[in-house]
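We count residues from 1, following the sequence as given.
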Amino acid sequence: MQVRLAALVAAKVEGIRIALDYLKLSDTVNLLLDAIKHQWDLKLSSLSQIETNETRVRLDKRHLDWLSQYGLERGINIASATNLLISEYLAGNVSSFQTPLTKTVIQQPENPQEITPIEQTQTIDKPKGQALMRSLKL
């Protein structure tokens, strides 16, 4: 998926790309998203900004789910979530946001016989249709 970076974010990422000698801006963005997701401290905030006209980047598939979830929780799209996360990370404000780093994993019991089936409860006949309407009017 392609997203457009904000001009200031793109300039900062371009400075990092050149310092790290990466070929593409997209590679640098995906590295930064990995750093955010896995809480790496890459110490990149002191690198200079370099103006660039290239603001469109391609996100790796591995980032789409958690970026989408992060954006959904905040009511913003993936591009805005990407810009927000990268700008906050590069500003050193990593404690100001929470990322859905991992999915919750439910562990299965070691002994499958420990699982007891839920007993069926007795069903109660409920009024339907006109009988329900009559009972509500009373």
Side-chain angles (χ1 to χ4, degrees):
M1 169 180 218
Q2 280 193 345
V3 297
R4 185 180 305 269
L5 295 179
L8 292 173
V9 174
K12 190 68 175 177
V13 174
E14 178 67 12
I16 294 167
R17 183 193 71 76
I18 290 172
L20 296 176
D21 199 27
Y22 276 32
L23 292 176
K24 298 178 185 176
L25 197 63
S26 294
D27 295 338
T28 309
V29 166
N30 286 304
L31 168 73
L32 291 171
L33 291 174
D34 282 332
I36 293 165
K37 184 177 179 183
H38 300 293
Q39 298 179 338
W40 300 336
D41 186 9
L42 298 179
K43 310 239 187 274
L44 299 171
S45 58
S46 62
L47 296 176
S48 62
Q49 296 185 75
I50 299 175
E51 208 170 310
T52 181
N53 291 329
E54 183 184 352
T55 59
R56 289 190 151 252
V57 294
R58 182 171 297 283
L59 301 177
D60 283 346
K61 290 179 184 176
R62 68 180 181 270
H63 297 303
L64 295 182
D65 286 339
W66 72 273
L67 280 173
S68 177
Q69 181 182 355
Y70 184 85
L72 187 64
E73 290 172 358
R74 285 150 187 81
I76 57 178
N77 61 27
I78 290 179
S80 297
T82 303
N83 280 296
L84 173 65
L85 286 168
I86 290 174
S87 64
E88 289 294 311
Y89 179 76
L90 294 177
N93 297 333
V94 292
S95 62
S96 67
F97 56 87
Q98 296 273 337
T99 57
L101 300 176
T102 57
K103 293 182 179 180
T104 305
V105 177
I106 300 172
Q107 293 183 347
Q108 297 294 327
E110 291 179 19
N111 187 356
Q113 283 74 25
E114 291 177 6
I115 301 173
T116 57
I118 298 173
E119 293 182 22
Q120 281 236 295
T121 58
Q122 186 178 13
T123 59
I124 300 170
D125 288 334
K126 297 177 183 174
K128 294 186 174 101
Q130 290 180 347
L132 176 61
M133 294 307 290
R134 280 193 300 269
S135 67
L136 291 174
K137 291 180 183 178
L138 297 175

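Between the side chains of Ser80 and Asn83, no donor N or O sits under 3.5 Å from an acceptor N or O.
No chain of hydrophobic side-chain contacts below 4.5 Å, direct or via other Ile, Leu, Val, Met, Phe, Trp or Tyr residues, connects Leu5 to Ile50. No continuous path of ILVMFWY side-chain contacts below 4.5 Å connects Leu72 to Leu67, so the two sit in separate hydrophobic clusters. Taking hydrophobic clusters as Ile, Leu, Val, Met, Phe, Trp and Tyr residues chained together by side-chain heavy-atom distances below 4.5 Å, Leu64 shares a cluster with Ile76. Using a 4.5 Å cut-off between side-chain heavy atoms of Ile, Leu, Val, Met, Phe, Trp and Tyr, with links allowed through other members, Tyr89 and Leu20 fall into the same hydrophobic cluster. By the criterion of side-chain heavy atoms lying less than 4.5 angstrom apart, applied directly or through intervening Ile, Leu, Val, Met, Phe, Trp or Tyr residues, Met1 is grouped together with Val13 in one hydrophobic cluster.
Contact annotation: the side chain of Ile78 never approaches that of His63 to less than 4.5 Å [non-hydrogen atoms, C-beta and beyond]. Inter-residue side-chain proximity for Ile36 and Trp66 is flagged as met; some heavy-atom pair is nearer than 4.5 Å. Within the 4.5 Å cutoff, no side-chain heavy atoms of Val9 are placed close to those of Leu90.
Expressed to the nearest 0.5 Å, how far CZ of Arg17 lies from CG of Leu32 amounts to 13.0 Å. Between the CD1 atom of Ile16 and the CG atom of Leu31 there is a distance of 8.5 Å, given to the nearest 0.5 Å. Going from atom OG1 of Thr82 over to atom CG of Leu59 covers 5.0 Å, rounded to the nearest 0.5 Å. Going from atom CD of Glu14 over to atom OG1 of Thr55 covers 11.5 Å, rounded to the nearest 0.5 Å.
Between the side chain of Asp60 and the main chain of Arg62, no donor-acceptor pair closer than 3.5 Å is present.
When every heavy atom of Leu47 is checked against every heavy atom of Ala19, the shortest pair comes out as CD1-CB, 3.9 Å. Across all non-hydrogen atoms, the minimal contact from Leu42 to Ala35 is CD1-CB, 3.6 Å. Considering every non-hydrogen atom in both Asp41 and Lys43, the closest pair reads OD2-NZ, 2.6 Å.
Within 6.0 Å of CD in Glu51 there are 12 or fewer heavy atoms belonging to other residues, nucleotides or ligands.
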